[in-house]
Amino acid sequence: MIQETLGKTFEPRDVEPRWYRYWEESGFFGADPASGRRPFCIVIPPPNVTGSLHIGHAFTLTLQDVIVRWRRMSGFDTLWLPGLDHAGIATQTVVERQLAKEGRRKEDLGREAFERRVWEWKDESGGTIARQLRLMGYSLDWTRERFTLDATLSRAVREVFVSLWEDGLVYRGNYIVNWCPRCVTALSDLEVEVAAENGSLWHIRYPAADGGQGIVVATTRPETLLGDTAVAVHPEDERYRHLIGRRVILPVLKREIPVVADAFVDREFGTGAVKITPAHDPNDFQAAQRLGLPAVEIMDERGVLNGNAGPYAGQDRLEARKGIVNQLSAEGLLVKSTPHQVPLGRCQRCDTVVEPRLSNQWFVRTGPLAEPAIQAVEDGRIVFVPENWSKTYFEWMRNIRDWCVSRQLWWGHRIPAWTCGGCSELIVAREDPTTCPKCGGTALVQETDVLDTWFSSGLFPFSTLGWPEKSADFRRYYPNDVMMTGFDIIFFWVARMIMLGMRFAGDVPFRKVFINGLVRDEKGEKMSKTRGNDVDPLAVIEKHGTDALRFTLTALAAPGTDPSLGEARLLGYKAFVNKLWNAARFTLMNLAGDRASAGDVAALPLPSRWILSRLQDVAGSVNAALEEFRFDQAAGALYHFLWDEVCDWYVECSKVLLADATEAPRARAVLVEVLEASLRLLHPIAPFVTEEIWQRLPHEGPSIMLAGFPKPDPTKRDPSAEEEMGRLMRLVTAIRTIRATYEVEPRRRIDATVVAGGTRDREFVARHEALVKSLARLESLEVVASAPDAARTINQPVGAVELRIPMAGLFDLAAEKTRLSKERLKVMDELDGLRKKLENPQFVQRAKPEVVAQSRERVAELEGRLAKVAATLQEMGG
RNA sequence: AGGCGCGUGGCUCAGUGGUAGAGCGCUUCCUUGACACGGAAGAGGUCGGUGGUUCAAUUCCACCCGCGCCUACCA
């Protein structure tokens with residue numbers, strides 16, 4: 001399973017596939033309802049079946065895997081359920097394109113053959129993303145993988161749809177919907193992306209039928225005048241009051257239409273007169289309903305003008321616009337046109353300009369569903385993290401509009417509705433009917449529309465668990481514990497899961513909703529294929545390794561922020577993975593099969609007591625951070641612990657300990673203990689490298705992913721060891737700083753003296769002589785109570801002691817005087833500020849006592865330091 | 001129009017009512033037996049602007065400027 005020796009650098013490609021296969025084949029990802037452990041469940045936001053893994057997936061799913069692995073190691077019976085979404089429009093479009101290459105259309109195949117063809121494509125491409133998810137190391141329970149078109153999930157869809165129908169929450173009717181003339185289907189409001197685009201505002205004269213001047217309307221869509229059935233003005237608009245009830249002549253078609261009054265007209269906008277095109281504008285449609293105006297459709301399903309468009313029949317909508325503007329201009333009816341910003345809706349999938357279209361569609365009445373869903377968040381049964389997203393949720397939910405759920409596609413859940421050929425009865429049923437319940441006729445025709453893909457996605461937290469059966473999985477894993485996803489689908493998905501879950505599954509679908517940011521490039525721009533700035537996670541894996549990518553994404557996941565992913569950042573964390581690898585290499589080189597125990601912790605040397613205490617601290621930080629979804633803090637704590645404390649200090653200290661034959665076994669034991677626990681802490685973020693190393697260390701159990709997650713034990717903290725080690729580190733750093741300041745070659749060993757007035761300080765330094773000598777590369781270290789002749793040494797106060805390094809041959813007096821003068825100024829500066837503060841009676845009286853005390857301590861310390869520096873300077877004669 | 005968020009060292013970003021941190025980059029020195037994907041030591045910031053609250057504000061409040069995003073039926 002593992003290589004014999006460790007290379008100098010970690011080679012991810014050699015180890016990653018091996019471990020994933022081992023985990024999956026061993027069944028380590030599988031949930032175990034019979035385990036008796038507390039369940040923890042999360043379902044994947046199902047990726048598009050024809051899609052491939054992009055960086056957005058990698059980001060949110062990495063965070064999910066971190067949580068899932070952490071919970072699993074912490075003793076939960078963990079289910080992370082994978083699945084795929086059939087993605088109606090997107091998938092159908094892909095297959096239609098394939099057909100187009102063969103010179104065929106889906107109509108040539110017929111519905112059934114086309115569906116078969118899509119299934120073939122699904123089988124082929126659905127495996128792609130599943131493979132990619134494995135490459136990322138995600139610990140999904142593949143035995144429970146679901147697809148939204150699976151029989152059980154389809155059954156759930158049908159159950160929900162029919163129930164809603166029975167409860168009057170589904171209705172069908174002729175309304176204006178968003179229509180994509182390229183996809184040839186209705187869209188929901190959410191599937192339209194509205195943006196302000198440059199257009200024009202045309203002022204067009206509609207002459208009065210009696211030969212008068214008539215009225216000038218303003219419009220951004222002149223071609224729709226062919227479908228006008230009135231002109232509306234505000235009832236109190238003095239300019240037009242005389243025209244209300246009169247008739248004007250519709251240009252081009254020369255049809256007479258009335259001038260009507262309605263308060264919805266904005267007198268300030270344009271000319272204050274608006275043309276009414278009920279069949280092609282949502283506002284006009286509503287106005288027409290109020291005013292009893294007829295609707296005239298002038299376009300077909302592909303945006304081509306129809307017979308009602310007179311001379312423009314057969315032209316595309318945009319082509320017709322040009323012709324009509326020309327004609328109006330020629331006839332002198334075009335008063336003017338001005339540049340105007342138009343809010344233009346485009347199809348989310350294909351970017352075609354969406355057409356408001358009057359058509360017969362199915363809708364879900366959302367009001368009654370939204371109410372309990374709003375309450376669940378209001379009273380905290382569902383909590384958003386970060387909490388602020390609940391505002392976005394409320395904003396949308398409180399103004400929710402009915403949901404158009406029918407799509408004119410062939411790929412999806414066909415709406416379970418039939419029309420009786422005999423009596424026209426509409427039948428909506430769970431089981432396919434064979435006879436009409438009303439007239440007994442058998443000529444039933446099924447609805448051809450399918451449901452919005454999000455309708456089935458909205459059931460995902462429970463349809464995947466077997467609902468509507470009260471299956472064991474459903475009972476155990478519903479509600480899910482947390483839903484983790486991006487803010488871009490709060491409305492599309494999260495809100496709908498809450499509404500449908502509460503109504504049908506009997507409880508909230510999940511307790512928490514964690515919203516992650518959107519991955520951006522290093523310039524902060526949104527990543528997209530069209531911009532060409534997107535990062536391909538698979539390419540990153542290939543280049544830097546999965547753990548590096550995962551660690552990077554985790555480290556960037558600060559709440560409420562959009563992470564910027566750049567190459568430099570990745571390289572930094574790749575280096576971290578390699579650093580860990582080498583710490584392991586060092587440990588294993590020294591281990592030599594030794595399995596001694598560290599024994600009594602209190603009896604261990606200072607660095608060992610210190611690192612074991614720090615380990616407890618970092619274990620606490622990581623657990624606390626993950627509890628609050630503070631991925632950045634968890635990653636940061638581990639990064640700094642391993643690099644700055646374990647590698648930079650403990651490993652270096654251990655070299656001294658290991659050189660001492662009696663000390664070595666315990667040092668090895670501590671080294672192993674710290675490394676092994678660190679690996680477990682790190683495993684949820686970087687699963688591969690941690691497993692690879694863990695397997696080589698003394699360990700129990702078949703895999704690190706099943707080993708216990710370290711829990712902090714406060715009784716194992718050792719504050720005095722941390723304090724002492726801090727002093728030791730400051731002393732070593734002071735020596736190193738002096739060496740660096742005077743450019744002493746790193747390999748050269750120098751002499752140093754520590755002057756300490758107090759007995760305990762002297763004993764302290766003497767006790768750690770070997771460590772200090774090694775860490776600071778000293779030839780000798782002398783500890784004395786006092787030392788004259790400061791003029792011949794470098795003198796540096798360090799806490800309660802003073803460091804003296806002979807100048808002979810290394811340093812010169814003038815440079816040292818300059819250095820000390822600078823230091824004196826710095827100390828005086830800080831002292832000044834502190835003293836002023838302390839002289840202020842307000843501060844002393846009103847500030848927190850500990851702050852005042854702290855300031856006083858600092859003053860005392862600085863004064864001591866200043867005195868020492870001043871004394872030295874005086875001895876040096878400056 | 002409404003809502004949300006952001007503006008901190010060269011870059012990308014954390015953070016806190018008590019004179020600021022990280023990663024990368026940069027400077028100097030160093031191939032010392034874990035690691036040059038490395039080591040040691042450094043330089044670098046009036047924390048967008050203006051007021052207010054406070055003994056104390058980068059941190060709280062108000063306004064302003066700049067930048068994102070979301071929602072919305074101004075033709």
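Naming convention: chains lettered A, B, ... in sequence-line order (proteins, then strands); numbering from 1 in each chain.
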Determine the contact category for [X]: base if any of its heavy atoms lies under 4.0 Å from a base atom, sugar-phosphate if only primed atoms, P, OP1 or OP2 are that close, otherwise nothing.
X         : answer
Phe10(A)  : nothing
Pro841(A) : nothing
Arg846(A) : base
Thr733(A) : sugar-phosphate
Lys836(A) : nothing
Glu830(A) : base
Val651(A) : base
Asn840(A) : sugar-phosphate
Lys275(A) : nothing
Arg748(A) : nothing
Val217(A) : nothing
His340(A) : sugar-phosphate
Glu11(A)  : nothing
Thr737(A) : sugar-phosphate

Distances for protein N/O vs nucleotides 22-27 of chain B N/O pairs under 3.5 angstrom?
none

**Study point:** SB check Glu830(A) Arg835(A) (cutoff 4.0 Å)
**Key:**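 Result for this pair is no, no salt bridge flagged.
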Point to revise | Nearest-nucleotide comparison on RNA chain B, the residue closer to the 5′ end among Asp562(A) and Arg585(A) | key: Asp562(A)
So, is [X] near the phosphate of [N], with a side-chain N or O under 4.0 Å from OP1 or OP2?
X         : N      : value
Thr561(A) : A14(B) : yes
Lys391(A) : U71(B) : no
Lys655(A) : A34(B) : yes
Arg630(A) : G15(B) : yes
Thr741(A) : A41(B) : no

**Study point:** For Ala634(A) against Val622(A), the heavy-atom pair lying closest together
**Key:**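 Closest heavy-atom pair between Ala634(A) and Val622(A): O-CG2, 4.1 Å.
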Point to revise | Heavy-atom closest pair, residues Ala232(A) and Phe264(A) | key: CB-CE2, 4.4 Å
Which atoms of nucleotides 28-30 of chain B (N or O only) lie under 3.5 Å from a protein N or O atom, and what are those distances?
| unit_1 | atom_1 | unit_2 | atom_2 | d |
| --- | --- | --- | --- | --- |
| U28(B) | O2' | Glu743(A) | OE2 | 3.3 |

Exercise for review: Return the value, rounded to whole Å, for the distance between atom CG of Asp284(A) and atom C1' of A75(B).
Suggested key: 7 Å
**Study point:** Test of ring centre spacing under 6.0 Å for Phe394(A) and Phe384(A)
**Key:**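 No, ring centres 6.0 Å or more apart.
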Exercise for review: Apply ring-ring contact (aromatic ring centres under 6.0 Å, His included) to Tyr639(A) and list each qualifying residue two or more places apart in sequence or on a separate chain.
Suggested key: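 For Tyr639(A), the residues satisfying ring-ring contact (aromatic ring centres under 6.0 Å, His included) (neighbours in sequence not counted) are Tyr573(A), Phe576(A), Trp643(A).
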**Study point:** G51(B) versus U59(B) - spacing of their P atoms, nearest Å
**Key:**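 It comes out at 14 Å once rounded to the nearest Å.
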